[in-house]
Number of protein chains: 2
Amino acid sequence: MAKAERGPRERMVFSAAQLIRRDGVHSTGMRQVAADAAAPRGSLQHYFPGGKTQLVDEAVGWAGRYAARRVPRFLAALPEPTPSGLFAEMVRQWTDEYEAAGFAGGCPVAAATVECAESVPSTRTAASGAFSTWTGAVAEALTGMGVPEERAGALATLMISSLEGAILLARAEQDVRSLTTVARELGPLLDAAARQEDP
Amino acid sequence: MAKAERGPRERMVFSAAQLIRRDGVHSTGMRQVAADAAAPRGSLQHYFPGGKTQLVDEAVGWAGRYAARRVPRFLAALPEPTPSGLFAEMVRQWTDEYEAAGFAGGCPVAAATVECAESVPSTRTAASGAFSTWTGAVAEALTGMGVPEERAGALATLMISSLEGAILLARAEQDVRSLTTVARELGPLLDAAARQEDP
DNA sequence: CCGCTACTATGACCGCGGTCATAGTCGAGG
DNA sequence: CCTCGACTATGACCGCGGTCATAGTAGCGG
């Protein structure tokens with residue numbers, strides 16, 4: 001995969017996240033993860049003595065940090081930062097992928113939540129943490145654009161909820177329509193909240 | 001389960017949907033479905049010669065029709081029908097369940113999409129159909145409340161996307177906060193679209 | 001050169017679960 | 001009473017996949 005030249009451990013976590021995106025948690029085998037990461041099978045039990053659960057949990061955590069890390073970069077890429085612009089960038093990451101590479105992958109955190117929320121407590125916690133770091137990053141970005149503090153968290157939740165749901169619809173329909181729709185419909189509402197507190 | 005006194009076939013479809021809600025598609029076994037439906041195991045291959053795939057597909061279709069059927073009932077329950085009121089009812093169905101019975105279940109269509117979109121074409125199609133009948137019912141309700149036709153579809157997509165995403169967050173966090181948040185934040189936007197075309 | 005620790009390598013085990021095969025029941029119609 | 005179709009019942013098969021056990025290698029400090 002793309003991100004070579006990291007340790008085998010990190011590569012396995014990364015590969016796990018990628019495979020979970022496509023096939024879900026249960027359909028992703030350990031052997032498959034090792035193969036995809038070009039890592040020896042024996043390393044699995046060495047680096048992840050907690051078994052598959054630990055690997056999945058780390059993959060989910062990694063995904064959450066990855067998503068959060070992208071937020072400031074999206075802002076930096078905008079000519080002038082606005083909430084609607086940020087959301088459009090977040091959505092565009094998905095439409096770009098889907099149009100370029102097909103609708104193979106979803107959000108790994110969503111997959112982990114759907115499959116493990118009830119059966120594997122630690123994974124549920126990991127998913128919760130991933131969502132909250134992601135939401136936190138978005139909320140922080142919003143406050144930086146003039147959204148009142150107490151409103152920023154709510155809007156971040158709304159943005160991520162809509163995005164996650166739109167990803168689901170897009171994969172099912174194999175059409176980015178839902179993604180572009182939520183971006184278009186939510187944009188004005190987001191910008192209005194930023195203007196609330198501006199001079 | 002609650003809806004007894006239907007044919008064993010329908011009971012199995014219903015049970016499958018319920019179990020998929022909780023554990024996802026892969027973690028739900030055929031034997032488990034039969035047991036939950038109090039149906040004989042041998043009936044599975046009799047009524048569903050297409051195997052598990054057929055059962056899952058039918059469960060997804062059933063869930064879509066169920067969700068669509070509820071929309072007009074929500075409207076009927078409102079003192080005066082408004083888009084925000086409808087959305088609040090849709091959300092409330094989930095908050096009520098979560099507060100009463102815990103965060104065990106999610107949306108079966110979401111589970112099928114996450115786990116089968118890439119691997120099982122027929123299930124992906126079934127999920128797409130389920131989302132579209134659901135969205136269609138919501139859009140129709142919106143036009144009935146004065147939302148312009150070309151806007152209604154987009155808002156329905158936004159509503160369902162937000163709801164699905166908020167369900168994910170709620171299950172992960174074991175907190176209905178995300179659900180109440182999207183209902184609150186989206187309400188004004190929805191009602192504004194309805195007033196667009198009113199006298 | 002030894003031995004210790006980190007990592008790699010593989011084969012075996014074992015439970016789970018979908019599917020198939022083969023009967024068994026049972027009510028309706030001849 | 002017989003038969004035929006619809007449905008029920010169960011045991012067996014078989015692949016998959018996570019985990020364990022048991023080695024083997026490699027680098028390094030002593």
Side-chain angles (χ1 to χ4, degrees), chain A residues 4-60 108 111-112 114-116 118-123 126, chain B residues 4-60 108 111-112 114-116 118-123 126:
Chain A
E5 310 330 322
R6 280 186 166 73
R9 193 182 193 284
E10 191 173 353
R11 284 209 314 277
M12 283 189 277
V13 172
F14 178 78
S15 285
Q18 295 297 103
L19 292 170
I20 289 171
R21 263 168 51 87
R22 231 212 328 272
D23 305 318
V25 173
H26 265 87
S27 301
T28 297
M30 301 282 273
R31 291 162 172 84
Q32 193 185 357
V33 170
D36 186 86
R41 216 190 88 197
S43 298
L44 281 170
Q45 69 183 291
H46 185 256
Y47 289 116
F48 306 96
K52 188 176 187 178
T53 302
Q54 182 184 357
L55 178 58
V56 170
D57 291 358
E58 294 202 21
V60 168
V114 162
E115 294 184 72
C116 308
E118 192 58 15
S119 48
V120 188
S122 72
T123 303
Chain B
E5 309 331 323
R6 281 186 166 73
R9 193 182 195 285
E10 190 173 356
R11 285 209 315 275
M12 283 189 275
V13 172
F14 179 78
S15 285
Q18 294 298 101
L19 292 170
I20 289 171
R21 262 166 54 90
R22 225 206 340 266
D23 304 319
V25 173
H26 268 86
S27 301
T28 297
M30 301 280 275
R31 291 163 171 84
Q32 195 184 354
V33 169
D36 186 86
R41 219 188 87 200
S43 299
L44 281 170
Q45 69 182 290
H46 185 255
Y47 289 117
F48 307 96
K52 188 176 187 178
T53 302
Q54 181 184 357
L55 178 59
V56 171
D57 291 358
E58 294 201 22
V60 168
V114 162
E115 294 184 72
C116 307
E118 193 57 16
S119 49
V120 189
S122 73
T123 303

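Labels below follow one simple rule: chain letters A, B, ... track the order of the sequence lines, proteins then strands, and each chain is numbered from 1. Scope of the values below: all heavy atoms of this structure, side chains included, with no hydrogens, waters or symmetry mates.
Between Ala112(A) and Val25(A), the shortest heavy-atom distance links the atoms CA-CG2, 3.9 Å. Minimum interatomic distance between Ala16(B) and Ala59(B) (heavy atoms only, all atoms of both residues): CB-CB, 4.1 Å.
Phosphate proximity of dC7(C) to Ser43(A): absent, as no side-chain N or O sits under 4.0 Å from OP1 or OP2.
One can place OH of Tyr47(B) at 11 Å from P of dA9(D), the figure rounded to the nearest angstrom. Atom C1' of nucleotide dT10(C) and atom CG of Leu44(A) are separated by 13 Å, given to the nearest angstrom. The NE2-C1' distance, from His46(B) to dA23(C), rounds to 15 Å in whole Å.
For residues 40-53 of chain B, the set of pairs meeting the side-chain hydrogen bond (donor to acceptor under 3.5 Å, both in side chains) definition, not counting sequence neighbours, is empty.
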Using a 4.0 Å heavy-atom cut-off to protein, can you give one letter per nucleotide of nucleotides 14-22 of chain C, 5' to 3': B if the base is in contact, S if only the sugar-phosphate is, - if neither? ---SBBBB-

Would you please test Glu58(B) and Phe48(B) for side chain to side chain contact (heavy atoms under 4.5 Å, CB included) and show each step? CA-CA 10 Å; Glu58(B) 294 201 22; Phe48(B) 307 96; 3.9 Å; yes

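The shortest side-chain heavy-atom distance between Ile20(B) and Glu115(B) does not fall under the 4.5 Å cut-off.
In this structure, Arg22(A) contributes its side chain and Glu118(B) its backbone to no donor-acceptor pair below 3.5 Å.
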